Asker: 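Once you've had a glance at the structure underneath, I'll fire off some questions.
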Amino acid sequence: RGYGYRMCEKLTAFIILYLIYRRQMYLVLFAVDTKVLPVARDLCTQWRLHTGTSLLSQIFTLAEQSLVVSIDHALEEMEQVSGKCDGEEKFHPMSVDDEQELWSKYWTSCITFELMFICILVLPQISFVVVHTLFPDDSAERLLDADEEQEQEIVTLQRKQAETEDKVKQQAETLEKLTEELKQLQQSAGVR
């Protein structure tokens, strides 16, 4: 892999990390706004998937049946709270519309969070790529060259080890043959 590929890989990883943190921020804001814990929403979602008839529900039920642990006790507990899941809309999972509504209510917190995490996670990676693209530095190339040299040295050492093992096997076979010939000569000399 080349140097550019590694930079794109790093940048993509940091963007994904930023998106995960962003989603978590909205989950917390949604919990604060609706006064319903995310775990309650998750239980209701699990209950809906368990009792539903959609394809996703069938896949979920199949996945539950393939678990090594028994979930019967958890299902019994979910049945006790399932009445709240069916009727009330406040236990629905967060949607994109909810995120937009949270953005309009808590826009200062959202902007602060987004700017802060973009500055911490994404901006340094983008600036690193831009600086090294505009002002190429030999240090990155040297590091890449050193990595390639080490890989070549490892391959060479593995090849030499295989050759040495082959030579040792050949010498062992030759020694075995010579030992056998010596025994035959000793037997023939002892017979005379």
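All values derive from a computational prediction rather than experimental measurement.
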Asker: With a 6.0 Å cut-off (strictly less than), is the heavy-atom count around CZ of Phe30, excluding the residue itself, greater than 12?
Answerer: yes
Asker: Which residues pass the side-chain hydrogen bond (donor to acceptor under 3.5 Å, both in side chains) test with Ser57, not counting sequence neighbours?
Answerer: Ser54
Asker: Check side chain to side chain contact (heavy atoms under 4.5 Å, CB included) between Pro38 and all other residues, then give those that pass, not counting sequence neighbours.
Answerer: Ala31
Asker: Anything under 3.5 Å between a donor and an acceptor, one on a side chain of residues 111-130, the other on a protein residue two or more places apart or in another chain? List them.
Answerer:
{"from": "Thr112", "atom 1": "OG1", "to": "Thr108", "atom 2": "O", "distance (Å)": "2.7"}
{"from": "Glu114", "atom 1": "OE1", "to": "Tyr18", "atom 2": "OH", "distance (Å)": "2.6"}
{"from": "Glu114", "atom 1": "OE2", "to": "Arg22", "atom 2": "NE", "distance (Å)": "2.8"}
{"from": "Ser127", "atom 1": "OG", "to": "Leu123", "atom 2": "O", "distance (Å)": "3.1"}
{"from": "Ser127", "atom 1": "OG", "to": "Pro124", "atom 2": "O", "distance (Å)": "2.9"}

Asker: First locate atom CZ of Arg159, then atom OG1 of Thr164, and finally report the distance between them rounded to the nearest 0.5 Å.
Answerer: 12.0 Å
Asker: Restricting to side chain to side chain contact (heavy atoms under 4.5 Å, CB included), what partner residues turn up for Ala13, sequence neighbours left out?
Answerer: none
Asker: Measure the CD-CD distance between Gln152 and Gln150 for me, rounded to the nearest 0.5 Å.
Answerer: 11.0 Å
Asker: What about Leu17 and Leu27, same hydrophobic cluster or not, with Ile/Leu/Val/Met/Phe/Trp/Tyr joined at side-chain heavy-atom distances under 4.5 Å?
Answerer: yes
Asker: Leu37: which other cluster members, linking ILVMFWY side chains closer than 4.5 Å, directly or transitively?
Answerer: Val39
Asker: Share the residues that join Leu182 in a hydrophobic cluster, the rule being Ile, Leu, Val, Met, Phe, Trp or Tyr side chains under 4.5 Å apart at the heavy-atom level.
Answerer: none
Asker: Would you mind writing out the side-chain donor-acceptor pairs for residues 170-179 within the sub-3.5 Å range, not counting sequence neighbours?
Answerer:
{"from": "Thr174", "atom 1": "OG1", "to": "Gln170", "atom 2": "O", "distance (Å)": "2.8"}
{"from": "Thr179", "atom 1": "OG1", "to": "Leu175", "atom 2": "O", "distance (Å)": "2.6"}

Asker: Same cluster or not: are Met25 and Leu19 linked, directly or through other Ile, Leu, Val, Met, Phe, Trp or Tyr residues, by side-chain heavy atoms under 4.5 angstrom apart?
Answerer: yes
Asker: Nearest 0.5 Å, please: how far is NZ in Lys160 from NZ in Lys167?
Answerer: 10.5 Å
Asker: Considering residues at least two apart in sequence or located in another chain, which fulfil the side chain to side chain contact (heavy atoms under 4.5 Å, CB included) criterion with Leu55?
Answerer: Gln58, Ile59
Asker: Hydrophobic clusters here meaning ILVMFWY residues chained together by side-chain heavy-atom distances under 4.5 Å, can you tell me if Trp107 and Met94 are in one?
Answerer: yes
Asker: Kindly indicate whether the side chain of Pro93, heavy atoms from C-beta on, has any atom under 4.5 Å from the side chain of Asp98.
Answerer: no
Asker: What residues, two or more places apart in sequence or in another chain, satisfy side chain to side chain contact (heavy atoms under 4.5 Å, CB included) together with Asp166?
Answerer: none
Asker: Taking side-chain hydrogen bond (donor to acceptor under 3.5 Å, both in side chains) as the cut-off, I'd like each qualifying pair that reaches into residues 26-43, sequence neighbours left out, listed once.
Answerer: Asp33-Lys105, Asp33-Tyr106, Thr34-Arg41
Asker: So which residues get pulled into Leu62's cluster when ILVMFWY side chains under 4.5 Å apart are joined, directly or through others?
Answerer: none
